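Both counts, for ligands and for their atoms, begin at 1 and track the order of listing. Keep in mind that the numbers below use all heavy atoms, side chains included, and drop hydrogens, waters and symmetry copies. Worth saying up front: this structure is predicted, and the values here are computed from it rather than measured.
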Amino acid sequence: MTAFDNDAVLPLTGLDLLTTTRAVRKRLDTTRPVSRDALRECVRIALQAPAGSNNVSIRYLIVDDPELIAKLGALYQAGFDVYRGLDGIYIGSIHKDDPAEAAQQARTAASAEDLAEKMPHMPAIVIGCVEGVTRPENMPGWVTASMHASAMPALWSFMLAARLHGLGTCWTSVHLQQEQAAAELLGIPYDTVSQLMLTPVAHYTGDTFQPVTRPDPDTLIHWNRWGH
Ligand SMILES: Cc1cc2nc3c(=O)[nH]c(=O)nc-3n(C[C@H](O)[C@H](O)[C@H](O)COP(=O)(O)O)c2cc1C
C-alpha cells in the first residue's frame with residue numbers, strides 16, 4: 001500500500017506520460033468541474049519532487065471560486081494583451097524559416113489566443129508560488145535560481161499528476177506582469193511570497209495526446225566543454 005490512490009489514475013507508462021503531457025488549451029473543457037480531491041491528490045504526488053535544502057518552499061494557490069477566476073482571468077488577458085504587442089517575443093511573431101515549424105508556431109499562437117479568451121471561465125486555476133521573495137535586485141543569482149528551482153520540479157510534477165488524473169494544464173507566465181494585482185485579489189503576501197507561474201486545470205476533451213517534434217538532442221548537448 002502506498003499513500004497514493006493508484007486506482008484513480010490513467011494507466012500510462014512513464015514514457016507515455018513524459019512524451020504526451022502537452023500544453024493543453026483548446027481541449028480544456030470549461031463546462032466540467034474539477035474535484036478538490038483530485039487537485040489535492042495531484043499536489044500530494046507533486047510534493048515528492050526535489051527541493052533545495054529539503055525545504056518545501058512551494059505553495060499552491062488553487063482558485064476554484066468562479067468570481068475570483070473571472071477576475072484572475074481578466075488579469076491574465078491584460079498580460080496577454082501586452083505580450084501580444086511584443087514583437088519577436090509573442091509566440092505568433094517568432095520567425096521560423098522552416099514552413100512546418102512556422103505552421104506549428106501559428107497553431108500555438110492560435111491556441112494561446114484561445115486560452116486567453118477562455119481563462120476567465122476555467123473550473124480551476126493554480127498559481128505556483130514560492131515562500132520567499134525572489135525579486136530583490138541584490139540577491140545573488142544562484143540563490144534566486146535555487147529558490148525558483150525548488151518549486152519548478154514540483155510544479156511540473158503537479159502537471160504530470162494532473163495528466164494522470166485526466167486533467168489538462170498549461171504552464172503560463174503572462175499574468176506575472178500583474179503579479180501585484182493578482183496578489184491583492186487573492187490575498188497573497190506580496191512581500192514574502194513570489195508567484196512563479198499560473199496554470200488552468202480542467203478535464204480535456206478527446207482521449208489522448210501525441211509526442212511532438214523537438215530538436216535533435218545532438219544540436220543541444222555540449223559534451224564536457226561548451227561547443228563540443
Ligand atoms: C516559462 C513558460 C512560460 C509560458 N507562458 C505561456 C503563456 O503565458 N501562455 C501560454 O498560452 N502558454 C505559455 N507557455 C506554454 C508554451 O507555449 C508551451 O509549453 C510550448 O508551446 C510547448 O507546448 P507543447 O508541449 O504542447 O508542445 C509557457 C511555457 C513555459 C515553459
Side-chain angles (χ1 to χ4, degrees), residues 12 15-30 46 49 58 63 69 72-96 98 100-122 124-130 134-135 144-145 147-164 166-179 181-182 194-202 204-217 220:
L12 295 177
L15 187 62
D16 285 340
L17 183 66
L18 290 173
T19 57
T20 66
T21 301
R22 302 261 70 84
V24 189
R25 303 185 185 90
K26 289 196 168 182
R27 287 173 54 189
L28 294 174
D29 184 349
T30 55
I58 185 162
V63 188
I69 287 180
L72 188 55
L75 289 180
Y76 181 90
Q77 289 174 338
F80 197 83
D81 284 346
V82 173
Y83 169 61
R84 192 192 287 110
L86 297 175
D87 197 36
I89 296 179
Y90 171 58
I91 207 158
S93 68
I94 296 171
H95 178 76
K96 300 277 184 190
D98 177 57
E101 285 183 26
Q104 174 60 42
Q105 201 73 8
R107 279 195 298 276
T108 305
S111 156
E113 294 284 347
D114 188 76
L115 176 62
E117 205 170 297
K118 289 195 318 206
M119 196 65 95
H121 311 291
M122 287 298 154
I125 292 179
V126 174
I127 298 185
C129 303
V130 61
T134 61
R135 295 177 290 268
T144 311
M147 288 176 74
H148 286 161
S150 285
M152 300 301 185
L155 289 167
W156 180 237
S157 288
F158 174 87
M159 294 164 78
L160 294 171
R163 165 105 170 90
L164 279 177
L167 297 167
T169 58
C170 178
W171 191 293
T172 78
S173 55
V174 296
H175 100 281
L176 294 173
Q177 297 164 75
Q178 271 76 35
E179 182 183 0
S194 303
Q195 298 170 48
L196 300 177
M197 56 79 84
L198 174 157
T199 177
V201 186
Y204 49 78
T205 55
D207 288 333
T208 190
F209 298 90
Q210 300 300 324
V212 294
T213 305
R214 291 283 200 249
D216 180 333
L220 304 177

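- The environment of D207 atom CG is sparse: at most 12 non-hydrogen atoms of other residues, nucleotides or ligands sit within 6.0 angstrom.
- By the criterion of a heavy-atom distance under 4.0 Å, neither the backbone nor the side chain of F209 is placed next to ligand 1.
- T199 has its side chain out of reach of T172: every pair of non-hydrogen atoms, C-beta onward, lies at least 4.5 Å apart.
- Below 4.0 Å from some heavy atom of A112 lie the following atoms of ligand 1, by number and element: 11 (O).
- Looking at ligand 1, you'll find an N or O of S173 within less than 3.5 Å of one of its N or O atoms.
- When side chains are defined from C-beta on, T30 counts as touching M122, because their heavy atoms get closer than 4.5 Å.
- Distance check on atom 20 (C) of ligand 1: every protein heavy atom falls at or beyond the 4.0 Å cut-off.
- Side-chain contact between H175 and Q195: present, with at least one pair of heavy atoms (C-beta onward) separated by less than 4.5 Å.
- F158 does not carry R163 over the face of its six-membered ring by the limits of under 6.0 Å from the centre and within 45° of the normal.
- At a heavy-atom cutoff of 4.0 Å, ligand 1 is contacted by both the backbone and the side chain of T172.
- The single protein non-hydrogen atom nearest to atom 24 (P) of ligand 1 is R22 NE, 3.4 Å, given as residue, atom name and distance.
- Those atoms of ligand 1 with a heavy atom of T108 less than 4.0 angstrom away are 21 (O).
- Shown in contact with V174 at under 4.0 Å from a heavy atom are these atoms of ligand 1, numbered in order with element: 8 (O).
- Of the protein's non-hydrogen atoms, the one nearest atom 26 (O) of ligand 1 is A23 N, 2.9 Å.
- Comparing R214, M197, R25 by heavy-atom distance to atom 11 (O) of ligand 1, the nearest is R25.
- Note on E113 versus R84: salt bridge recorded, some NZ/NE/NH1/NH2 to OD/OE distance being below 4.0 Å.
- Contacts between L115 and ligand 1, counted as non-hydrogen atom pairs separated by less than 4.0 Å, involve the side chain only.
- For ligand 1 and Y76, the ligand atoms under 4.0 Å from any heavy atom of the residue are 7 (C), 8 (O), 9 (N), 10 (C), 11 (O).
- With a heavy-atom cut-off of 4.0 Å, C170 touches ligand 1 through its side chain alone.
- Counting only heavy atoms from C-beta outward, the side chains of L196 and H148 approach each other to under 4.5 Å.
- Between Y76 and F80, the ring planes are parallel. Angles under 30° get that label, and only those over 60° would be called perpendicular.
- Among all protein heavy atoms, the one lying closest to atom 29 (C) of ligand 1 is W171 O, 3.6 Å.
- Shown here is E117, whose CD atom has no more than 12 heavy atoms of other residues, nucleotides or ligands within 6.0 Å.
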